[in-house]
Amino acid sequence: MNKYYHSVQLDADRCCGCTNCLKRCPTEAIRVHDGKAKILSERCIDCGECIRICPHHAKKANSNKLEEIIQYKYTVAIPAPALFGQFNNLESIDFVLTGLKQLGFDDVFEVSRAAELVSEATRKLIKENKLKKPIISSACPAVVRLIKIRFPELCDNVMPLLAPIEVAARVARRRAMEKTGLSREQIGIFFISPCPAKVTEIHAPNSTEKSEVDAAIAISKIYPELTQVMDHLREVEPLGQSGLMGIGWATSGGEAAAMLGDKYLAADGIENVIRVLEELEDEHIRGVDFIELNACSGGCVGGVLNVENAYVAQARIQTLRKFLPVSLNHMEDGDLERMLWENELNYDADIFRLDKDIAKAMNMMSEMEEILEGLPHLDCGSCGAPTCRALAEDIVRGKAKETDCIFKLREKIQNVYDQLKGTI
Amino acid sequence: MSNAIHLHYEVSGEDFTRAGEASGAVKKRLKSLGYSPDAIRRVAIAMYEAEINMVIHAEGGFCDVDIYPDRVEVLLSDRGPGIPDVEKAMQEGYSTAPANVRSLGFGAGMGLPNIKKYSDEMRIDTTIGVGTKLYLTVRVNQ
């Protein structure tokens, strides 16, 4: 699979070349050249902030279509718990799960069920004291990618457990194979996704060679059809088997609370996440065993592929959790081993490094500081880079020129004019 | 070596919340240079502790950083009150930080011991009533 596959894509026709996304991107992965935004593939973590901010809707997230279920003999929908927060007056998640079956899926398996297994596995690993503390949750793929390209020292702190989606897909496929006798290729596992980062994760996973999820459909894409069938359900099947713990993963703090300890921290929103990672890197955060980080404000309900306001969804999730048993899913022998990452998380040093040769990198940096001195320090973005520093870096990397800066250009034109004036 | 990168920062003594800006900026540059994660961490922590010290005890000062391919040299200079007993200040847990700073989680008496622990070389020149110069070097382990 493509190393730099991304769900987040640009719709060039809609892009007017403004600086909104440029300024918002947390990894400085966007440049505007020739009047169009361009995503630097290797730096993008698919957080979706550019989709959120773009006033022209020129950033979009690729995901699969519902019609693709016909490619499989048997299909299972695995909805993210955030989906349950999208509906008004929802009495139980059974309405949503029955609705998904009405849309054509043969079966459903909530990701929140797998989340309860991941929580149990995490508690066990913490108790056994086998992991480097503080343990950073690996559930948000945008956060994992961010650590991989920006926080070398923290790669070892990332919890080496598969995210609930992947665990859900594996359990769902195994169950479907047992139930139907079909081969694995004949079964389609469809994730209903709240964000592009999770869509990317199934195509280019961090934790494993190949994801067990076959396709991901955006919540916003399936929502219109789903609400329609949900309005006309004749019978509601008792399908839901999640406890309040699993459903709680939809919102920030839910995963951390499921640790059943008090030495945890939960941060949400990409800027806050970066601040926490910076402080962790400098060892300023002490006395904490577990750290939950969500790239989106509010947690997964804040993902850009949802339809409802994150905080409204959060309130609904609270209501849904009321009167549910704490947890309905428990590990069996061998489950923990099956949930461990197959790949190690390695720092990708090439992304922000100026050059492999440190002497050359130092020359580039000296040059960069010098160029930066001459720039206006306005960080206006008119040159197409997010900051003056980023432009200086692009110049030494040979990807931009000084006169891309409109102030520099004006200076140059003035000089030419003055010279010409002198000759007349 | 001629091609060291020199960086100069003013550490403000007025705003406690701004302490750590210089170490953060240096950390970002070391990552761009491809410095080893271990060395980056040691530089960042040692510098941060030293910055905090300058803010707590000396109303700020200056921070000069020289980056070489194999090492980072940092000089932190202030015009503070000076350190009366350096040996005592180097002891773990010894602190003269005021209560308001301690309530923020600082002033645990680990500043200088941590700087020593994370750097490869450290030297303090201090004169009562004149100020303190702290030199530290972190080498990249080959």
Side-chain angles (χ1 to χ4, degrees), chain A residues 26-28 43 132 146-158 274-288 345-373 387 389-390 392-394 396-397, chain B residues 1-9 16-17 19-52 65-72 104-108 110-111 113-115 117-118 138-142:
Chain A
T27 54
E28 298 193 336
R43 288 190 182 186
K132 188 176 169 191
L146 178 68
I147 293 172
K148 193 182 156 92
I149 64 169
R150 244 185 90 173
F151 296 95
E153 270 295 310
L154 300 177
C155 287
D156 293 340
N157 294 66
V158 175
I274 290 172
R275 233 167 283 150
V276 168
L277 290 172
E278 294 271 1
E279 294 208 9
L280 265 179
E281 198 179 36
D282 296 347
E283 298 185 1
H284 299 164
I285 297 176
R286 297 191 179 116
V288 173
L345 186 69
N346 290 319
Y347 174 54
D348 200 342
D350 285 335
I351 311 293
F352 288 104
R353 185 163 63 186
L354 289 166
D355 199 276
K356 269 190 179 148
D357 176 5
I358 190 155
K360 201 170 164 201
M362 286 189 58
N363 285 337
M364 286 169 81
M365 185 168 285
S366 300
E367 203 186 324
M368 212 174 115
E369 301 287 345
E370 214 168 287
I371 294 169
L372 184 61
E373 275 298 292
T387 60
R389 167 162 287 278
E393 185 180 333
D394 287 352
V396 298
R397 284 182 189 271
Chain B
M1 200 168 304
S2 60
N3 65 340
I5 292 174
H6 182 79
L7 304 164
H8 177 79
Y9 300 96
F16 190 79
T17 61
E21 280 186 359
S23 57
V26 170
K27 190 167 79 175
K28 199 171 173 193
R29 282 164 179 76
L30 293 178
K31 282 184 188 175
S32 301
L33 290 173
Y35 247 67
S36 77
D38 168 68
I40 295 173
R41 189 176 64 102
R42 289 190 294 128
V43 171
I45 297 174
M47 258 188 83
Y48 179 86
E49 295 283 10
E51 263 183 85
I52 292 284
V65 184
D66 284 298
I67 304 171
Y68 297 91
D70 63 338
R71 68 188 188 282
V72 178
L104 279 168
F106 297 101
M110 291 305 292
N114 264 342
I115 298 171
K117 182 177 154 195
Y118 288 107
V138 172
R139 293 184 196 285
V140 179
N141 293 326
Q142 300 298 340

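Side-chain atoms are counted along with the backbone in the values below, which use heavy atoms only and exclude waters and symmetry mates.
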If every non-hydrogen atom of [X] is compared with every non-hydrogen atom of [Y], which pair is closest and at what distance?
X	Y	answer
B/Arg41	A/Glu281	CG-O, 3.8 Å
A/Ser366	B/Ile5	OG-CG1, 3.5 Å
A/Asp282	B/Ile45	O-CG1, 3.6 Å
B/Ile67	A/Met362	O-CE, 3.0 Å

- Query: Looking at B/Gly24, B/Ser32, B/Ala44, which makes the most heavy-atom pairs under 4.5 Å with chain A?
  - Reply: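 Going by pairs under 4.5 Å, I would pick B/Ser32.
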- A/Phe151 side, atom CZ; B/Lys31 side, atom NZ - distance, nearest 0.5 Å: 5.0 Å
- CD/A/Glu153 to CG/B/Asp38 distance, rounded to the nearest 0.5 angstrom?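 So the CD of A/Glu153 and the CG of B/Asp38 are separated by 6.5 Å.
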If you tally heavy-atom pairs under 4.5 Å against chain B, which of [options] wins?
options	value
A/Arg353, A/Arg286, A/Arg150	A/Arg353
A/Asp350, A/Asn363, A/Ile358, A/Asp355	A/Ile358
A/His284, A/Glu369, A/Lys356	A/His284

- Non-neighbouring partners of B/His6 that pass ring pair (Phe, Tyr, Trp, His ring centres under 6.0 Å), sequence neighbours left out: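 Partners of B/His6 under the ring pair (Phe, Tyr, Trp, His ring centres under 6.0 Å) test: none.
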- Message: Less than 4.5 Å to any heavy atom of chain A: does that hold for the side chain of B/Ile40, its backbone, both, or neither?
- Response: neither
- Is the count of non-hydrogen atoms from other residues, nucleotides or ligands lying under 6.0 Å from B/Lys117 atom NZ greater than 12?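 Result for NZ/B/Lys117: open.
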- If you draw a 6.0 Å radius around CD in A/Glu283, do more than 12 non-hydrogen atoms from other residues or ligands fall strictly inside?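 Atom CD in A/Glu283 is packed in, count exceeds 12.
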